[in-house]
Amino acid sequence: MKKVLSMLLVLALAIGMLAGCKKTVDVADNAGTPQGGTSTNQGSTNTGSTDTGKTDTKPADTSRPDTHVVLKMYLEGSNVTDDKAVLEKVNAYLDEKLNCELQPIWGTWGDFDQGAVLSLQGAEDVDIYFTCSWTLNEYNQFARDGYYVRLDNPDNDLIHKYGQDILNLLPEVLIKGSTIEGADGYGIYAVNGYKDIACQNCWDVNVDLLKKYGYTIEDIEKADYYSFGDILAKVKAGEGENFYPLLIEGAVLERMVDNSIIVAGDSGSNNLLSYYINPTKTSEQGAYGNKILNKFATDEFKKFCEKTREYYLAGYIDPDMANPEKANDTRSNKQLTGQYLIGTQSYSLGYEIQASTERGFEVAMVPTTPAYVDTTSSQGAMMAISTASKNPERAMMFLNLLNTDAYLFTLLDFGVEGIHYNLNEIGEVEFTDERSNYMPWTNGLGNVTLLPPQKGQGADFQEKFKAYYGNADEIPILGFTFNPENVENEFGALANVAAEYFLPLCTGAVDPSEKIPEFLAKLEANGMQKVVDEANNQLSNFLAAQGK
Amino acid sequence: MSREKTKRNRLQSVSIPTEIIFHIIVGGFALACIIPFIFVIIISFSSEESIRLIGYSFKPLKWSTEAYGFVLQMGSQLWRSYFNSFLVSIVGTVTSVLMCILYAYALFRRDFKYRKFFMFFAFFTMLFGGGLAPTYMVCKQMLGLSDNYAALIVPALVNPFFIIIMRTFLQTSVPEELIEAAAIDGSGEYNTLFRIIIPISKPGIATVSLLTMINYWNDWFLTMLYVRDSSKFPLQYLLMKVQNQVDFLIKNSSVIGVEASKILQDLPGTSLRMSLVVFIVVPIACAYPFFQRYIISGLTIGSVKG
Amino acid sequence: MNAQRGVKRNNVKKNLMLLTMVAPVAIWLILLRYIPMAGIVIAFKKYKVYTADPSLINNIVHSKWVGLGNFKFLFTSSDTLLVLRNTVGYNLLWIALGVVISVSFAIMLNEITSRFVAKTYQTMMFFPFFISWVVVSYFVMSLLDPTSGLIVKQQIANSGEATNWYHEYKPWPVILTICNLWKNMGYQTILYLAAITGIDKSQYEAASIDGASKAQQIWYVTIPNLRKMIIILLIMDVGKIFNSDFGLFFSVPQNSGTIFRTTQVLDTYVYRALMNSQNIGMSTAASLFQNTVGFILIMITNTVIRRIDPESSLF
């Protein structure tokens with residue numbers, strides 16, 4: 001053991017020394033760079049507005065700064081193998097406009113989470129990160145932990161100085177959704193992408209099959225989940241033992257039927273916390289008012305589970321749907337091959353047309369609520385500036401340009417006209433084969449309303465898009481985000497409990513009369529009440545601050 | 001000490017009925033080991049349509065070579081990745097095993113003064129590590145392991161487990177007298193190691209080499225962390241990239257919404273992923289007999305060379 | 001005696017030579033293991049960014065101490081005992097089975113007369129090593145799937161009723177054990193086989209001259225020679241008693257909640273608890289806890305072994 005101790009001592013010393021060295025290097029580094037940073041700062045302030053007060057109505061400062069900088073941007077969901085042609089044009093344009101150069105890091109669905117989080121934790125010199133409510137560098141938490149620059153920080157107020165154009169262009173709901181309590185106080189920590197920001201759950205109906213059994217789409221519209229039984233029974237009997245008419249995603253089905261929604265900040269833990277919306281008028285309070293509930297203890301939940309169990313036992317629901325790893329595969333396979341009657345689907349504009357072509361039969365979408373915007377959906381895709389960025393001003397200028405300049409946005413997303421795509425006579429985009437080497441994720445880039453329509457969407461697509469999403473109602477607690485910091489230990493245990501019971505109950509795979517009491521007891525034993533109380537406490541503070 | 005070569009013969013072996021039982025047990029297990037791989041091959045030759053309709057099955061509705069066509073279509077990227085995998089595996093294994101032998105030999109020498117310290121020094125890191133973020137920062141910022149082949153080799157060079165295994169091999173196969181005899185002859189340490197020890201430790205070295213090589217061959221995590229340049233991707237990463245994307249989208253489908261299913265449909269199907277598994281396993285399975293020669297053949301010709 | 005005197009004379013030189021041999025690995029360990037080890041303090045801190053000048057070191061230095069707070073979540077769950085029981089239980093069972101089975105396999109392979117057949121078996125036994133747990137889970141599912149699984153279909157053909165495998169926790173200890181043995185036996189067997197191959201053949205000759213039967217030779221020559229390897233592997237396994245193969249416990253049971261009772265282990269518990277929070281402090285704490293327990297167990301085991309059989313101990 002003496003050896004161990006002496007070794008540890010030596011080790012600690014070694015680390016201390018090395019850490020010391022590293023630190024001095026850091027200091028030296030920083031002594032160099034901020035000068036550059038400050039000069040940029042001064043340069044831009046001089047050429048721009050001289051008053052330091054709020055410049056709400058003035059256009060963003062878009063004059064070309066004096067120093068040349070490189071901006072690194074970490075993106076999600078890319079499928080890019082050759083970006084040379086695009087970057088050449090992008091950088092020529094950026095050089096002229098902002099005297100800067102863009103170096104995108106093309107993260108993919110598989111590596112973004114790990115890569116971006118490590119890069120953030122290690123404070124690498126990446127300026128802009130994709131962030132949202134569902135990646136690992138989750139917006140609310142990472143803003144709280146100080147990874148992102150507060151854009152409307154009174155000291156420098158980046159967004160009003162350099163990003164006013166964005167504020168003018170984005171729907172108000174988006175700004176509301178991104179204004180949160182972060183490390184630097186209550187403010188905006190990222191620029192929202194303007195994409196399909198509203199949420200609307202639908203019954204995805206196989207119309208061809210429905211008609212085969214003498215029903216029409218009106219029969220589905222009139223009915224609700226609890227009265228699907230007859231239709232399901234008839235189709236099941238007609239299609240045979242291996243046909244499962246209900247093609248559901250357990251968690252989504254539960255939310256659709258009970259009108260509960262995810263509370264932001266709790267998106268991945270099998271959503272323990274629920275807020276109930278008003279299914280007919282989403283801007284007003286639902287049946288439970290502005291309260292957060294343990295939904296598993298509600299009567300709705302019990303009733304829902306019992307019905308689902310009944311459907312499951314009758315053979316309306318594929319047992320695979322209770323298998324979290326396989327459900328999605330099976331679901332998309334059955335959708336494509338039409339082996340279902342009614343499915344669950346979260347909607348995006350024009351999806352029924354796209355789905356009908358893809359699947360080769362008529363698909364209809366029957367919404368269960370009007371489209372609405374909640375915190376989670378408004379935070380679906382965002383761009384944050386890292387606190388480790390040496391050039392936050394320039395990064396903000398770049399984001400401003402990207403989100404307001406149709407040329408730049410189209411170039412970065414669709415590629416170069418003539419190489420990656422061509423425009424047809426009505427101005428729709430038709431992609432070439434080159435596109436397969438350059439496919440960023442459109443919704444992850446920002447303001448998609450700047451794009452020309454794609455083939456088949458029609459020339460007026462963006463107007464329809466803006467009308468649909470821009471006019472969606474906001475729910476009463478839009479902007480509220482739960483902060484689990486005070487109940488972290490409980491949260492970890494509860495996430496495990498929910499993973500154990502939630503999906504099997506929502507798909508009918510287990511008997512609710514036995515499992516719900518067990519589930520509730522276990523939630524209680526692991527501090528569910530404390531979490532719900534904490535959430536309601538935070539919610540009432542939030543509402544009070546909003547003056548509601 | 002006997003130095004004559006001896007040949008095994010029937011007389012020295014177990015009885016025939018016993019050997020038949022051995023065949024049944026070991027052979028049965030070996031068969032069980034290969035069945036899932038056959039399963040992989042079958043899926044890789046199933047048509048996507050069949051998978052969609054009846055799932056993964058030993059008897060697909062329709063056979064298809066579509067997946068292989070698709071992989072071969074990747075053309076230059078595929079061969080490039082093969083090249084990278086071989087390069088990284090070979091350079092990595094040679095360097096790693098050499099370092100391992102040197103270290104293990106010193107630990108094996110009971111008269112090495114700091115033997116216990118260095119044993120502990122290596123062993124301790126098997127259990128405790130600083131975690132991903134600090135290691136990543138050290139590799140990337142201090143050592144410059146980013147977007148180069150070194151990034152795929154250096155972080156996996158040392159495996160304390162293999163060092164300990166190697167030392168144990170040396171302990172089992174090298175008689176103490178041999179070292180003493182060498183010392184009397186005035187042989188230097190390096191000379192003793194390379195001229196005397198290594199030739200008689202081939203089974204152990206071959207085993208550790210094999211395991212090290214497989215580690216390099218199978219690795220994709222280092223690529224994910226440190227390499228973004230697709231011209232340096234090894235084969236395994238091509239597969240894992242797709243697999244990770246699918247896993248991620250499935251996990252988050254309910255949050256991402258319609259788009260997730262759209263994207264999932266564009267990603268390569270299961271049969272394609274399985275055909276990549278075949279592409280990965282076959283070359284290393286071919287390299288296997290090379291190592292095996294040393295691991296098994298020593299059994300037939302028992303010889304100790306002085 | 002002569003030899004020893006000779007060695008002594010060259011003691012300094014010899015040790016220097018040996019030091020140059022350990023140097024490459026030692027330097028690597030310092031750079032890639034010991035320096036990053038400073039990061040362990042994150043386990044006792046609430047990791048936040050030091051916004052004035054963010055860097056990993058600054059962030060760590062300026063984060064608040066929270067004592068053992070990050071460890072709490074491991075012990076506050078009502079399932080803690082169950083999780084620990086599963087983790088340790090599976091590990092103990094598999095350590096025992098692993099030693100017995102892989103040593104037997106190695107001996108049997110060694111006794112098979114046809115070298116070609118032995119090599120073929122041994123090659124086949126290595127295939128599982130290349131197949132990831134995700135792929136294994138596809139395979140298991142093709143047997144157990146409630147609608148299309150081969151075993152399920154067989155059950156229905158036989159009795160009209162099938163087990164609901166992914167919602168029935170009782171069979172899982174067996175399924176997981178089979179999967180684990182299937183995947184790891186080839187690896188362990190090859191280690192023992194190589195150790196057998198390395199045994200000095202004169203020992204067998206001496207034994208056979210003394211008239212020892214084959215069984216006696218195995219018992220008195222092979223097994224004692226494997227002793228060191230068995231003990232070393234055991235010590236290593238004991239150190240990992242709180243760790244588990246994540247892919248096995250997560251992918252193979254299809255992440256199915258209803259069978260957590262027999263499939264939840266510490267690694268999966270921590271993963272599910274921290275899945276969405278990216279709390280680097282808590283995840284560092286979890287692995288520090290696992291490793292500290294492992295370390296203590298190894299030190300104890302090693303001390304015990306050193307008393308009984310100093311030759312075989314780790315250090």
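For the numbers below, each heavy atom of this structure counts, side chains included, while hydrogens, waters and symmetry mates do not. The sequence lines fix the lettering, A, B, ..., with proteins before strands; numbering per chain opens at 1.
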* Of the backbone (N, CA, C, O) and the side chain (C-beta and beyond), which part of B:L132 lies under 4.5 Å from a heavy atom of chain C, both, or neither? -> neither
* Choice from B:V154, B:I21, B:L31, B:I101 maximising heavy atom contacts with chain C below 4.5 Å -> B:V154
* Asked: Non-hydrogen atoms of chain B under 4.5 Å away: do they reach the side chain of C:T147, the backbone, both or neither?
  -> neither
* To do: Heavy-atom distances under 4.5 Å only: say whether B:M126 touches chain C with side chain, backbone, both or neither.
  => side chain
* Asked: Cut-off 3.5 Å, side chains only: do C:Y204 and C:T222 have a donor facing an acceptor?
  -> yes
* **chain B contact via C:S313 - side chain, backbone, both or neither, heavy atoms under 4.5 Å** => backbone
* Asked: Between B:A133 and chain C, which part of the residue has a heavy atom less than 4.5 Å away: side chain, backbone, both or neither?
  -> both
* To do: Look at C:W28, C:F126, C:F130 and state which one has the largest set of heavy-atom pairs under 4.5 Å with chain B.
  => C:W28
* Proximity breakdown for B:Q236 and chain C, heavy-atom pairs closer than 4.5 Å -> neither
* Check whether B:L193 gets within reach of chain C through its side chain, its backbone, both or neither, counting any heavy atom under 4.5 Å. => side chain
* Top residue by heavy-atom pair count (under 4.5 Å) with chain C, among B:F161, B:Y103, B:Y136, B:W217? -> B:Y103
* Structure fact -> Checked B:L157, B:V277, B:V40 vs chain C; the most non-hydrogen pairs under 4.5 Å come from B:L157
* C:F315 CZ: over 12 foreign heavy atoms closer than 6.0 Å -> yes
* **Part of C:I60 lying under 4.5 Å from any heavy atom of chain B** => neither
* Find out whether B:I165 and C:L233 are in side-chain contact, i.e. whether some heavy atom of one side chain is under 4.5 Å from a heavy atom of the other. => yes
* Asked: Which atoms form the tightest heavy-atom contact between B:P203 and C:T197, and what is the distance?
  -> CG-CG2, 3.8 Å
* Which region of B:P155, side chain (C-beta onward) or backbone (N, CA, C, O), has a non-hydrogen atom less than 4.5 Å from a non-hydrogen atom of chain C, or is it both or neither? -> both
* To do: Might you point out which heavy atoms bring B:T207 and C:A194 nearest each other, and give the distance in Å?
  => OG1-CB, 3.0 Å
* Asked: Is it true that a side-chain atom of C:R115 and a backbone atom of C:I112 form a donor plus acceptor pair closer than 3.5 Å?
  -> yes
* To do: Go through the atoms of C:L32 and report whether side chain, backbone, both or neither lie under 4.5 Å from a heavy atom of chain B.
  => both
* To do: Name the member of B:M137, B:R167, B:Q243 that forms the most heavy-atom pairs with chain C at distances under 4.5 Å.
  => B:R167
* Step by step, would you call B:R109 with B:R115 a side-chain contact (heavy atoms from CB on, under 4.5 Å)? -> CA-CA 8 Å; B:R109 289 293 303 272; B:R115 180 176 180 240; over 6 Å; no
* To do: Considering only heavy atoms and a distance below 4.5 Å, find which of C:R227, C:M141, C:Q290, C:M17 pairs most often with chain B.
  => C:M17
* When B:V158, B:L210, B:L102, B:T125 are compared by non-hydrogen pairs under 4.5 Å with chain C, the top option -> B:V158
* **Over all atoms of both residues, closest heavy-atom pair of C:V134 and C:S137** => O-OG, 2.6 Å
* Compare all side-chain heavy atoms of C:E311 with those of B:R110 and state whether any distance is below 4.5 angstrom. => yes
* Which region of B:L211, side chain (C-beta onward) or backbone (N, CA, C, O), has a non-hydrogen atom less than 4.5 Å from a non-hydrogen atom of chain C, or is it both or neither? -> side chain
* To do: Measure distances from C:T292 to the heavy atoms of chain B and classify the residue's part below 4.5 Å as side chain, backbone, both or neither.
  => both
* Pick one of side chain, backbone, both or neither for C:V117, based on which atoms fall under 4.5 Å of a heavy atom in chain B. => side chain
* Part of C:V140 lying under 4.5 Å from any heavy atom of chain B -> neither
* Using a 4.5 Å cut-off on heavy atoms from C-beta on, say whether the side chain of B:K116 contacts that of B:F120. => no
* **Donor-acceptor under 3.5 Å (B:S201 side chain, B:G204 main chain)** => no
* **C:I190 versus chain B, the contacting section by heavy-atom distance below 4.5 Å** => both
* Checking C:S148 against chain B: side chain, backbone, both or neither under 4.5 Å from a heavy atom? -> side chain
* Please flag which part of B:L98 lies under 4.5 Å from any non-hydrogen atom of chain C: side chain, backbone, both or neither. => neither
* Minimum heavy-atom separation for B:Y294 to B:A206, with atom names? -> CB-CB, 3.5 Å
* Contact origin within B:I280 toward chain C - heavy atom pairs under 4.5 Å -> neither
* For the residue pair C:N255 and C:R272, what are the closest heavy atoms and their distance? -> OD1-NH2, 2.8 Å
* **Interchain contact, B:Y105 with chain C, by part (heavy-atom threshold 4.5 Å)** => side chain
* Stepwise side-chain contact (heavy atoms from CB on, under 4.5 Å) test for B:N215 and B:F162 -> CA-CA 11 Å; B:N215 272 0; B:F162 292 160; 3.7 Å; yes
* Could you walk me through whether B:T192 and B:D185 pass the side-chain contact (heavy atoms from CB on, under 4.5 Å) check? -> CA-CA 10 Å; B:T192 312; B:D185 291 350; over 6 Å; no
* Region of C:L314 in contact with chain B, defined by heavy-atom distances below 4.5 Å -> both
* Structure fact -> Scored by heavy-atom pairs under 4.5 Å with chain B, the best of C:I107, C:I280, C:L19, C:T284 is C:L19
* Before giving the answer on side-chain contact (heavy atoms from CB on, under 4.5 Å), spell out for B:Y114 and B:F121 the whole-Å C-alpha distance, their side-chain angles and the decisive distance to 0.1 Å. => CA-CA 10 Å; B:Y114 312 102; B:F121 194 67; over 6 Å; no
* To do: Consider only side-chain N and O atoms of C:S202 and C:D200, and report whether a donor and an acceptor are under 3.5 Å apart.
  => yes
* B:F37 portion near chain C, given a 4.5 angstrom heavy-atom threshold -> both
* Please state whether the side chain, the backbone, both or neither of B:M99 comes within less than 4.5 Å of a heavy atom of chain C. => both
* Flag side-chain contact, heavy atom, 4.5 Å: C:M125 against C:F105 -> yes
* **Residue selection (most heavy-atom pairs with chain B, distance under 4.5 Å) from C:L288, C:I298, C:D145** => C:I298
* To do: Determine whether the aromatic ring centres of B:F39 and C:Y138 lie less than 6.0 Å apart.
  => no
* Engaged part of B:Y288 at the chain C interface, taking heavy atoms whose separation is under 4.5 Å -> side chain
* Asked: For the candidates B:V138, B:T172, B:I35, which exhibits the highest count of non-hydrogen atom pairs separated by less than 4.5 Å from chain C?
  -> B:V138
* To do: Tell me, for C:Y187 versus chain B, whether the close heavy atoms (under 4.5 Å) come from the side chain, the backbone, both or neither.
  => side chain
* Measure distances from B:A122 to the heavy atoms of chain C and classify the residue's part below 4.5 Å as side chain, backbone, both or neither. => both
* **Pick from C:L191, C:V22, C:L56, C:I42 with the largest number of heavy-atom pairs that fall under 4.5 Å of chain B** => C:V22
* Can the ring centres of B:F29 and C:Y121 be said to be less than 6.0 Å apart? -> no
